[in-house]
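Right, one structure below, let's go through it.
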Amino acid sequence: KYPIEGSGEFIVVATTRPETMLGDVAVAVHPQNERLKHLIGRTAILPLVGRRIPVIGDEYADPEKGSGAVKITPAHDFNDFEVGRQHGLPLVNVFDAAAHLALKNNDAFLKDAHPEPDLLENLDGKSREAARKWIVEQLQSQGLIEKIEPTTHAVPHGDRSGAVLEPYLTDQWYVDAKTLAQPAMAAVRERKTVFTPPQWEATFFNWMENIQPWCISRQIWWGHQIPAWYGPDGKIFVAESEDDAVADALAHYVEIEELTPEQGGEIAADPKRRARFAREYIRRDEDVLDTWFSSALWPFSTLGWPDQTPELKRFYPTSVLVTGFDIIFFWVARMMMMGLHFMEQVPFRDVYIHALVRDERGQKMSKSKGNVIDPLAVIDEYGADALRFTLAAMAAQGRDIKLSAQRVEGYRNFATKLWNAARFTEINGCARDPAFDPRGSKEILNRWIAHETAKATHEVTAAIEAYKFNDAAAAIYRFVWNVYCDWYLELIKPVLTGPDGSAKSETQAATAWALDQILKLLHPFMPFVTEELWTVTGSPKHDPLLTLSRWPSLEGIGDPGAEVEIGWVIDLITSIRSVRAEMNVNVALPLVMIRVGDHVWERAQRWSEFVKRMAKISSVTRVPIPNPGTLQLIVRGEIVGLELAGLVDLAAERSRLAKEMAKCDADIARVDAKLGNPNFVARAPEEVVEEEKEKREEAQLRKAKIAEALQRLEGAA
RNA sequence: GGGCGGUUAGCUCAGCUGGUAGAGCGUCUGCUUUACACGCAGAAGGUCGGAGGUUCGAGACCUUCACCGCCCACCA
């Protein structure tokens, strides 16, 4: 309870830090506070201290909070500081740097104070906790405590020490960040710097639009020392070096010391006298720069700035900055501000914000929290390539990564798969042939794998250029495993184990060539295993993959005809395998092409050896009408049959076909519903409508084939 | 309090400017097929968190609710 001067009244304030009352310079009341506003303009006497402090009206004082009146302590509270500034109140700092009371020799505190006799004795140099206890006791004994009640509130703690932090006044250096921010924002708006993924631009602007003056001085030991020197009268000399500071100071103090300019010149010329002058007259600021200030200079200070070095010329501005979202403001924005200020150009064209690896609970990993997944442990278990590939595969834009051991294991398997595939090519004499040109292949399988390789290369390249590393990883994974290994290597086995000849040697060269493309594509994702296969195991030897600046585009390599033909073979084999597994039939079966045209029949003959081997088929023949008990399949619009003889029962086959028919009908119904909707036909884009029509045609054709198969089945029955 | 993100198959996650849902792992069924069982072949599994709305058409766009998470600020 602070007594109001000249009346028996008190004004009651609430605080969780009673010791800060020593620094009170006012009590604030909301101007519309009916209960208290009559006190505005009066003077309160600060208990124990005896300082006369005004009761001021300020909307900051929330009538609903605390007692409705708030003590104003500008030196120890951010909000109070603002209120104090607006009302022109003095600043009374009562703490030292360790939050011990500093009252003796404290002019700001002693001015206008009439402290009780034992106050200085009991408080000066004491910790805030001890002071708090003493002050509360004194106030209680004087009947100035209205009530004490427990309250829960949040207080800031030092991130390392854990100590409760007390704001207090100090002199610091500030950068006018608001002015520097304008060109940086303009650069992003004008797309001179582009964020990927773009949603981070919002974060950038959110920061920059609300930017505050940037405190850049730090009271720590490590860092760039602030290049400022103080004279005895408080005059500040900011200079690039101590010599420059001395020169400036000399020029300044020559007058004061009544030295002639000539005498000043003598001092400047004599190193000894200059050093003595420096010792006696100027003192360098002991503070160092905020680490982010120094980091903000990184894009050009590392290249030799402020000298105009060749490196600076060549590499500034840089092409891309890859970093985490958590330092968009701390680092990225500040590099832009400094770069634009000192270099007058953006420091980088692209900013790729990568995913953050979090722990299994989704928390950010940090050294101080101790929840860091040790990459070395993961590498020990699965290998560096597996970990690296996993991170790339999971690095979808705009999402963080919760690292999963299972994924790493899966990609470890992928590395093993690649290793075994390379071993297979080696065993089969697939040596590199520098003269090999994939465009000149005679064998359709080799033209096909060249086509697929070029396609994969294009996909991976496009994904990397768009910073979609997960897409790039998925594309190369699919190509290596599901195209190269599952189909190409399987399809060429008879060629490789067959008689020597041009087909075989071409296939060997094509196989080695495709593997080389794979190693190049995969190298950024799995550097170790690819390098091993490229330079160590592969023959003849190559220069290290690492030295390859990038892979060739393979533009112009492609063969859509090969894609159609091999696609048909793959579909045929897959269909047979599928139905065979479904029917649980393991013996080799005869395959019949039912009433197919010559073109398809020729194709079937071309691939009969392959189909026999890969789909466990005993013979391939063409028939006008299948035997009873033939299992009929529709492959790309053609009916083929598996001669099951007595192995399948009619009812099961009937229901299988009926099921396929039903699926077909559902497809048709869906498309019909769309095409039957006049709004769809009228409003959907033409090509979408065309697509739907094609789908209907396809489905109807398929349905007709199934109907034909069913009819034949019934006839057989 | 302000801002941002997430909620899709049992699990971990993709899904571009709206056009009939995908991967890996796991599960199930078959395979000692001489590159690979860290493998091969096949299969099952989702009313895309709820409710409205826009649209010929919504996992995707809008509104709203619920839950989860992150960042920043403040706290008499």
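Lettering of chains follows the sequences in order, A, B, ..., and the numbering in each one begins at 1.
Side-chain contact, A:D58 with A:H87: a donor N or O sits under 3.5 Å from an acceptor N or O. For A:N482 and A:W487, the side-chain atoms include no donor-acceptor pair closer than 3.5 Å.
The separation between A:R423 atom CZ and B:G39 atom P is 14 Å, rounded to whole Å. In this structure, the OH atom of A:Y488 is 15 Å from the C1' atom of B:A35, given to the nearest Å. Regarding A:R17, its CZ atom lies at a distance of 13 Å from the P atom of B:C74, rounded to whole Å. A:Y484 has its OH atom 18 Å from the P atom of B:G39, to the nearest Å. In this structure, the OH atom of A:Y477 is 14 Å from the C1' atom of B:C13, given to the nearest Å. Between A:M394 atom CE and B:U12 atom P the separation is 10 Å, expressed in whole Å. We find that CZ of A:F389 is positioned 12 Å from P of B:C25, with the value rounded to whole Å. When the P atom of B:G3 is taken as reference, atom CZ of A:F329 falls 18 Å away, rounded to whole Å.
Note: A:L633 CG to A:L572 CG = 8.5 Å, rounded to the nearest 0.5 Å. From A:C430, atom SG reaches atom CG of A:L496 across 5.0 Å, with rounding to the nearest 0.5 Å. Of the inter-residue distances, the one linking A:D385 atom CG with A:L522 atom CG reads 8.0 Å to the nearest 0.5 angstrom.
Taking only side-chain nitrogens and oxygens, A:K493 comes nearer than 4.0 Å to OP1 or OP2 of B:A35. A sub-4.0 Å separation between OP1 or OP2 of B:G39 and a side-chain N or O of A:N413 is present. Residue A:N677 places none of its side-chain N or O atoms closer than 4.0 Å to OP1 or OP2 of B:G57. Distances shown here put a side-chain N or O of A:K695 below 4.0 Å from the OP1 or OP2 atom of B:U20.
Qualifying salt bridge (charged side-chain N to carboxylate O under 4.0 Å, His left out) partners for A:D62, counting only residues two or more places apart in sequence or in other chains: none. A search for side chain to side chain contact (heavy atoms under 4.5 Å, CB included) contacts involving A:P494 returns A:F610, A:R613, not counting sequence neighbours. Partners of A:D77 according to the salt bridge (charged side-chain N to carboxylate O under 4.0 Å, His left out) rule, which considers only residues two or more places apart in sequence or in another chain, do not exist here. By the side-chain hydrogen bond (donor to acceptor under 3.5 Å, both in side chains) test, A:R334 pairs with no residue at all, sequence neighbours left out. Looking at residues two or more places apart in sequence or on another chain, you find a salt bridge (charged side-chain N to carboxylate O under 4.0 Å, His left out) between A:K693 and A:E690.
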Below 3.5 Å between N/O atoms, which protein atoms pair up with nucleotides 46-48 of chain B? Just atom names and distances, please.
none

Give every pair of a protein N or O atom and an N or O atom of nucleotides 41-43 of chain B that lie under 3.5 Å apart, one pair per line with the distance.
from, atom 1, to, atom 2, distance (Å)
B:G42, O3', A:S578, OG, 3.4
B:A43, OP1, A:S578, OG, 3.1

Can you tabulate the close N/O pairs, meaning under 3.5 Å, that link protein atoms to atoms of nucleotides 5-7 of chain B?
from, atom 1, to, atom 2, distance (Å)
B:G6, O3', A:R399, NH1, 3.2
B:U7, OP1, A:R399, NH1, 3.4

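Remark: A:K663 does not engage A:E660 in a salt bridge, criterion side-chain N to carboxylate O under 4.0 Å. The pair A:R432-A:D516 counts as a salt bridge, with a side-chain nitrogen and a carboxylate oxygen less than 4.0 angstrom apart. Between A:R128 and A:E19 no salt bridge is recorded (no basic side-chain N to carboxylate O distance below 4.0 Å). Checked for salt-bridge contact, A:E129 and A:R132 miss the test: no charged N lies under 4.0 Å from a carboxylate O. At a threshold of 4.0 Å, the pair A:E452-A:K455 counts as salt-bridged, since one of the basic side-chain nitrogens sits closer than that to a carboxylate oxygen.
Side-chain N/O atoms of A:R412 and base N/O atoms of B:C38 include a donor-acceptor pair closer than 3.5 Å.
Separation of the P atoms belonging to B:G50 and B:A9 is 11 Å when rounded to the nearest angstrom. Of the P atoms belonging to B:A44 and B:A35, the separation is 30 Å, rounded to the nearest Å. Annotation: B:G39 and B:U47 have their C1' atoms spaced 37 Å apart (nearest Å). Going from the C1' atom of B:U32 to that of B:U20 covers 43 Å, rounded to whole Å. Going from the P atom of B:C11 to that of B:U27 covers 15 Å, rounded to whole Å. Distance check on atom P: B:C67 versus B:C28 gives 37 Å, rounded to whole Å. B:U54 and B:C61 have their C1' atoms separated by 8 Å, given to the nearest Å. Taking atom P in both B:U55 and B:G18, one finds a spacing of 16 Å when rounded to whole Å.
The stretch residues 465-476 of chain A touches RNA chain B through A:N470, each having a heavy atom under 4.0 angstrom from the strand.
Aromatic ring orientation, A:W292 versus A:W331: tilted (interplanar angle from 30° to 60°).
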Donor-acceptor pairs are to be reported for all side-chain atoms of residues 412-424 of chain A against protein atoms at under 3.5 Å, with residues two or more places apart or in another chain.
from, atom 1, to, atom 2, distance (Å)
A:T416, OG1, A:R412, O, 3.1
A:N420, OD1, A:R423, NH2, 3.3
A:N420, ND2, A:T416, O, 3.2

Give every donor-acceptor pair under 3.5 Å between a side-chain atom in residues 459-480 of chain A and any protein atom, sequence neighbours left out.
from, atom 1, to, atom 2, distance (Å)
A:T461, OG1, A:T457, O, 2.6
A:T461, OG1, A:W551, NE1, 2.9
A:E465, OE2, A:R550, NH2, 3.4
A:Y467, OH, A:D350, OD2, 2.9

Apply the test side chain to side chain contact (heavy atoms under 4.5 Å, CB included) to residues A:L89 and A:I56: give CA-CA distance (whole Å), side-chain angles for both, the deciding distance (0.1 Å), then the verdict.
CA-CA 10 Å; A:L89 296 168; A:I56 58 172; 4.2 Å; yes

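Using a 4.0 Å heavy-atom criterion, one finds that A:P678 contacts no nucleic acid atom at all. At a threshold of 4.0 angstrom between heavy atoms, the contacts of A:N586 are confined to the sugar-phosphate backbone, with no base atom among them. If you check every strand for non-hydrogen atoms under 4.0 Å, A:Y60 touches a base. The residue A:E490 sits close to a base: some heavy atom pair falls under 4.0 Å. Within 4.0 Å (heavy atoms only), A:T416 reaches at least one base atom of the nucleic acid.
RNA chain B forms stems at B:1-7 with B:66-72, B:10-13 with B:22-25, B:27-31 with B:39-43, B:49-53 with B:61-65, each a run of 3 or more consecutive Watson-Crick or G-U wobble pairs whose two key distances fall under 3.5 Å.
Comparing A:T15 and A:A422 along RNA chain B, the residue whose closest nucleotide (by nearest heavy atom) sits nearer the 5' end is A:A422.
Closest contact between the side chain of A:K417 and the listed nucleotides B:C72, B:C40, B:U20 involves B:C40.
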